[in-house]
Amino acid sequence: MKQILSLTVNNDTYEVAVSPWRTLLDVLRDDLGLMGTKRGCGSGTCGVCTVIIDGRAILSCLTLALECAGKSITTIEGISSPESLHPIQKSFIENGAVQCGFCTPGIVMTSKALLDEKPQPNDDEIKEALAGTFCRCTGHIKIMEAVKKASKQ
Amino acid sequence: MAKKAGHYTVVGTRQPRLDGALKASGRAEFTDDVVLPGMLRGKIVRSPIPSGKILNIDTSKAERLPGVRAVITYKDTNGLMSGSDKFLLCENMVHFFGDEVAAVAAVDEDTALEAAELIAVDYEPLPPLLSMEEAMAAQAPALHDFMTDNIADEVTMSFGDPDQAFAESDYIREDEFSVQPTHSAFSEHHIVLADFSLPDRLTVWTPIQSSAIIKSSMASNLGLTDSSVRIVNLHTGGAFCGRGGDKPHHYIAALLSRKAGRPVKIMCTADEEFLVYRGGGKYKFKLRTGVKKDGTLMVMDADLVHDCGAYMETQFILLRFVGSNMQALYKMNASRYLGKLIYTNNPPYFFHHGAGLVAMRFAIDSQLNLIAGELGIDPVDFRFKNAVEKGYITPAKFTYASCGLKECITKAARKAGWKKKYGKLPAYRGIGIGCGMLRSGGKGMYDHDNSSVFIKLEEAGKAALFTGLPDMGQGSHTTMAIIAAETLGIRIEDIKVVAGDTDVTPYDVGAISQRGTFTTGNATINAALDAKRQLAKTAAEKFGVKPAVIIFQDRKVYPKGSPEKAVSFEDIVYATLHSDEGRYVMGRGFYNPPSGQSDMSKYEANTALAYSFGAQIAEVEVDPETGMVKLLRMTVAHDVGRAINVLGVEGQLDGQVFSGMGQTLFEECVMEGGQVLNPSLLDYKLPRPFEVPEIERIIVETSDPYGPFGAKEVGQGPIQCTSQAIANAVSNAIGVPIKELPITPERVLKAIREKAG
Amino acid sequence: MRLPRFEYVRPQALEEALSVLAQSGSRAKILAGGTDLLVNMKQRTVCPEVLVSIKTLSELLMVSSDAQGFTAIGSGANLTDLAANAGIAEKFPAFIQAVRAIASKHIRNMACIGGNVCLDTRCWYYNQSKLWRDARERCHRTGGSVCHAIKGAARCHAINSSDTAPVLVALDAKISVMKKGENRLIPARQFYCDDGIRNTILEPSAIVTAIHLPDGNGAGRSAFIKLSMRRGIDFALCSIAARANINGAGVTDVRLVLGSIASMPIVLEKAAQVIMEAGLTQSAIEKAGEVARTELGIITNLFTSAGYKRQLAGVLVKQALNELKGKTAKRGGAKA
Ligand SMILES: Cc1cc2nc3c(=O)[nH]c(=O)nc-3n(C[C@H](O)[C@H](O)[C@H](O)COP(=O)(O)OP(=O)(O)OC[C@H]3O[C@@H](n4cnc5c(N)ncnc54)[C@H](O)[C@@H]3O)c2cc1C
Ligand code: SF4
Ligand code: FES
Ligand code: FES
């Protein structure tokens with residue numbers, strides 16, 4: 001019952017054979033080895049699995065891989081190279097928005113989608129965008145500061 | 001060891017964490033990111049009832065399923081225990097909903113899941129004991145057959161002469177407080193990867209607060225030598241007291257791997273997280289306090305009963321902590337304590353964020369507010385009057401070499417505008433204060449409660465720091481790099497931290513009892529000093545002086561008083577490594593806080609050399625119609641001794657205020673029938689960005705004489721103050737005492753109603 | 001959590017989708033954004049053999065105004081797109097407020113309005129993992145004959161917690177339902193049923209193709225308020241949609257509809273009557289709040305007691321009426 005799927009992730013195209021019940025998250029991690037996207041609740045509540053599809057932050061744990069055919073997917077691996085981090089990543093690091101780091105890739109992707117859409121978000125817009133993510137360590141405080149500072153650059 | 005402030009180059013700056021770039025770019029490796037050749041997926045079969053007999057387990061169907069490589073039940077465990085009172089896999093009784101009964105390993109997750117469902121277990125349900133009251137009732141059957149009742153543990157402590165002190169009190173008040181169960185909810189689920197393919201070599205990858213504890217426990221329980229167990233602790237997604245030691249899934253993965261001859265990974269699903277978490281249990285406090293008319297605190301008498309769930313495991317620690325800490329914040333002549341752990345058929349607990357003391361601090365500080373109110377004394381003045389100070393020795397013999405409690409109270413009150421606000425806010429707005437303390441660099445796990453650090457110097461004047469201390473997000477590795485850089489006279493960029501693999505790193509009891517900064521920090525200084533001694537030999541030969549006069553500063557090395565002769569740090573390292581003898585430089589440091597005199601029969605011991613203190617002031621708004629509470633602002637003052645990394649300290653303050661707010665206003669494992677009714681991040685109401693309060697941070701530095709550069713802790717101290725500050729603020733807003741956590745809208749509304757009559 | 005096995009079909013046209021559904025009957029489920037369905041499948045509350053993916057069907061993506069004075073919104077409309085649609089927001093502010101209050105931005109980025117309208121009911125026993133449910137006797141909805149949420153209840157009272165459902169009822173929206181060879185336009189009030197198991201009149205082979213909002217009704221005043229523990233990602237503890245036509249002192253066509261409190265949106269007839277008789281005076285508003293509390297029948301306790309929900313219902317009625325009156329209620333916890 002597997003279907004051959006052509007996936008465009010971070011501008012690379014992959015051909016993978018997937019069963020219908022496999023989520024984008026499974027395929028990214030298990031088939032493509034893109035481990036930056038994390039596996040958490042699996043039910044839409046934590047945001048650690050966030051990737052960007054067609055400019056929007058979406059949850060890969062609730063997205064069937066087959067539904068992604070022909071779409072342009074960006075994962076945390078696709079927004080920077082080790083030598084040149086994205087300004088949002090830099091802002092997170094400099095402003096102490098990273099602690100244990102498990103939530104970080106998902107929150108960085110969420111923030112990127114926000115700033116791409118609204119380069120100068122107000123506080124409520126930042127909170128709204130981040131409400132679907134969850135950070136037990138920082139209490140979201142420095143994360144919101146970091147997004148704010150990144151937006152001013 | 002403590003120098004005066006202001007003389008440091010790296011200590012006291014704002015340092016972004018060393019692993020920040022790795023984490024922000026998704027390249028930091030967590031356990032789930034490790035994939036080994038031939039790796040299997042494991043799944044645990046759990047009891048679907050809170051109490052019952054196992055009549056039969058039929059694994060034949062599961063074993064026949066293609067792709068299944070191992071199935072284990074009690075018979076494969078050799079009677080292995082997890083903790084003192086729990087069979088790893090149940091033999092013939094199950095004691096809580098979720099109790100581990102069997103496990104499977106298969107080629108992939110879907111197959112493992114299918115196999116787990118094919119294991120047929122017949123149970124004979126027994127009536128469960130679901131509350132402490134039921135479990136303590138005279139006729140209640142003992143939950144465990146090795147017991148005659150359900151009191152898992154009991155501790156009494158008495159200091160001074162409580163009867164006399166009550167007799168001398170002008171005013172005595174008695175209240176009951178309760179706290180509902182809470183969940184750790186760290187973002188990385190419980191996970192383990194174990195490779196036990198060969199009988200004498202076990203490697204375990206897992207997020208953990210202490211590699212040392214899990215290593216020694218697993219070695220001894222599995223009959224292995226210490227050196228045959230290797231713990232790999234990659235990045236860890238949060239811990240909050242919940243990842244102290246070995247848990248059943250660690251052993252289950254190991255046994256499955258042994259049986260299958262292949263590595264096995266087990267990751268808990270979202271709902272399993274609520275079965276294995278060992279978070280905070282249900283607390284009930286009865287508190288009796290005596291004071292003089294002028295507000296002088298005299299004596300406290302506390303009865304604690306704590307639901308420990310089906311297994312005690314290591315919860316006895318909690319009972320002792322509470323008893324020995326209850327008189328440690330305010331001066332008093334005497335105290336008495338009776339603590340009990342009660343077995344029930346609820347999931348086993350431990351404690352969540354706050355070292356098991358948060359509930360006790362909430363109870364005490366809330367009652368003190370009520371007393372202050374009745375005596376007509378301002379709550380801030382009342383605390384200030386009774387606050388412990390430098391030099392004070394508590395009834396349990398905690399000795400305060402440094403103490404900034406009064407400074408925290410004063411500064412927080414000033415910053416929060418207490419005088420302008422207290423008693424003067426509009427209706428349904430409230431302000432409240434809470435104080436707390438916590439030991440730093442706590443002892444009591446082992447005799448050799450030490451941390452060790454190696455510092456290896458490399459040609460380019462760089463250093464590799466080897467530590468066994470896990471960094472679960474608190475930033476300890478960065479802190480160690482700062483301490484090493486400061487001591488060696490180099491920069492933080494010159495240091496790399498090597499951690500997370502017990503085959504490589506030296507021994508460290510781990511990130512428990514606020515040991516990181518204090519204990520491992522001191523070990524780091526010692527290692528750096530040792531490395532410097534080795535370098536000083538080369539420098540002394542070069543300058544023709546004694547090694548003792550060599551100065552290391554700003555990446556330069558020179559004889560004292562002659563900075564013009566300086567050569568670079570790099571050159572000295574190079575010269576040492578390339579000397580005729582080929583002197584390899586490896587600084588070795590260890591530290592174990594010396595114990596003072598102790599009499600454990602009376603629970604009198606100074607179990608740490610340093611203690612942190614704090615005060616927080618909360619401002620809240622209550623909606624009188626819905627009962628919803630909004631924490632508007634929190635002013636946080638914490639005596640950290642010295643802020644080694646200001647950015648890191650702020651992060652800890654933020655995280656704990658937020659987590660403390662969660663525990664106080666939102667978080668509750670709603671229990672029914674032995675099940676958590678809300679086992680998901682959707683229904684277990686952790687606050688999110690919209691609930692974030694404004695935070696004012698005040699870092700108080702008292703430079704502790706024993707701390708590295710004067711530092712103490714900030715890992716769990718701040719959260720000791722939060723609940724009672726918020727509770728007191730709510731109570732101030734609605735004019736009704738708050739005696740139960742969390743303060744849900746429904747409870748607030750009920751309180752308002754009852755007041756209105 | 002893993003998904004069970006299923007077959008995946010993505011029809012290229014609505015007609016094809018209807019055929020597939022007609023053939024598969026109750027073995028199939030419609031997949032829109034999947035944010036509700038896939039979670040339920042992971043928990044094994046539903047295990048369809050076939051998923052029919054509809055969110056890319058162009059026939060379901062249209063937003064248009066028709067000659068009868070209705071604005072039609074295709075069921076495939078994405079919630080984030082809708083939330084940003086200024087034209088609809090201007091005509092139907094309460095509707096758009098409800099859309100914006102759904103779940104989190106992540107979820108709105110994925111979900112469709114059709115999925116929200118057809119949202120499965122929830123309760124604390126049912127919406128759990130299989131392991132969790134297996135710990136208890138089967139309930140009305142899982143093949144047994146008890147209810148765990150309301151002890152002693154003779155039927156399933158699982159809650160409809162769709163944020164838009166009460167608004168659709170309040171605004172007299174119509175729901176366009178198609179199955180092979182049949183196309184019906186059903187008033188929202190008749191679309192929902194007071195039954196936790198079968199909470200809409202939809203048959204398994206039918207698709208909601210669009211919702212139709214009457215332009216005239218949006219023009220009166222309308223309000224939507226959602227109370228939840230958290231703002232940003234939470235189902236409602238209780239929500240309300242309200243509408244009224246106000247001409248000077250006269251108030252007509254008052255509609256008060258509570259959401260997330262029963263298996264269907266609850267229309268508060270008596271409370272509305274109070275206002276229609278006395279107008280939007282302060283004392284009438286107070287009284288309407290009281291009446292609302294007594295007017296409610298059985299309430300499911302979803303983590304809060306029925307009594308508390310009843311209290312919230314009264315509060316919401318007052319807040320909504322005050323908002324209609326033009327005075328925005330100042331207080332209120334996590335209001336969306
Ligand atoms: C963490 C979390 C929080 C949430 N919070 C909220 C909330 O606050 N408020 C709220 O209302 N919802 C909430 N939801 C539920 C859900 O995400 C939303 O209701 C969403 O709008 C559902 O849309 P969907 O397109 O994803 O639906 P799907 O999951 O695709 O479908 C939902 C149901 O509708 C059926 N269906 C879908 N489209 C059609 C159609 N055109 N015709 C017939 N049947 C159809 C499906 O078969 C399924 O039974 C939450 C979900 C999660 C995971
Ligand atoms: S409301 Fe009652 S019958 Fe309906 S799903 Fe919940 S427990 Fe079952
Ligand atoms: S893993 Fe996708 S939201 Fe939690
Ligand atoms: S940094 Fe640990 S959960 Fe966010």
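Predicted model only: the values in this text are computed from it and were never measured. Quick note on labels: first sequence line is chain A, next is B, and so on, each numbered from 1. Because only heavy atoms are used, hydrogens play no part in the values below, and waters and symmetry mates are left out as well, while side chains stay in.
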Is C:Leu51 close to chain A through its backbone or its side chain, or both, or neither, when contacts mean heavy atoms under 4.5 Å?
side chain
Residue by residue, scan residues 84-105 of chain A and write down, ordered by number, those that have a heavy-atom distance under 4.5 Å to chain C; if none do, write 'none'.
none
Who wins among A:Ala129, A:Cys41, A:Gly47 for the most heavy-atom pairs under 4.5 Å with chain C?
A:Ala129
Chain C contact via A:Cys61 - side chain, backbone, both or neither, heavy atoms under 4.5 Å:
both
Any non-hydrogen side-chain atom of C:Leu3 less than 4.5 Å from a side-chain atom of A:Leu64?
yes
Using distance alone, with no hydrogens and no angle check, list the donor-acceptor pairs under 3.5 Å between chain A and chain C.
from: A:Asp26; atom 1: OD1; to: C:Arg2; atom 2: NH1; distance (Å): 3.4
from: A:Gly42; atom 1: O; to: C:Lys42; atom 2: NZ; distance (Å): 2.8
from: A:Thr50; atom 1: OG1; to: C:His106; atom 2: NE2; distance (Å): 3.3
from: A:Arg56; atom 1: NH1; to: C:Asn78; atom 2: OD1; distance (Å): 3.1
from: A:Arg56; atom 1: NH1; to: C:Asp81; atom 2: OD1; distance (Å): 3.1
from: A:Arg56; atom 1: NH2; to: C:Asp81; atom 2: OD1; distance (Å): 2.5
from: A:Ala57; atom 1: O; to: C:Asn109; atom 2: ND2; distance (Å): 2.8
from: A:Cys61; atom 1: O; to: C:Lys42; atom 2: NZ; distance (Å): 2.8
from: A:Leu66; atom 1: O; to: C:Arg10; atom 2: NH2; distance (Å): 3.3
from: A:Glu67; atom 1: OE2; to: C:Tyr8; atom 2: OH; distance (Å): 2.5
from: A:Glu67; atom 1: OE2; to: C:Ser53; atom 2: OG; distance (Å): 2.6
from: A:Thr110; atom 1: OG1; to: C:His106; atom 2: NE2; distance (Å): 2.9
from: A:Glu117; atom 1: OE1; to: C:Lys105; atom 2: NZ; distance (Å): 3.2
from: A:Glu128; atom 1: OE2; to: C:Arg108; atom 2: NH2; distance (Å): 2.7

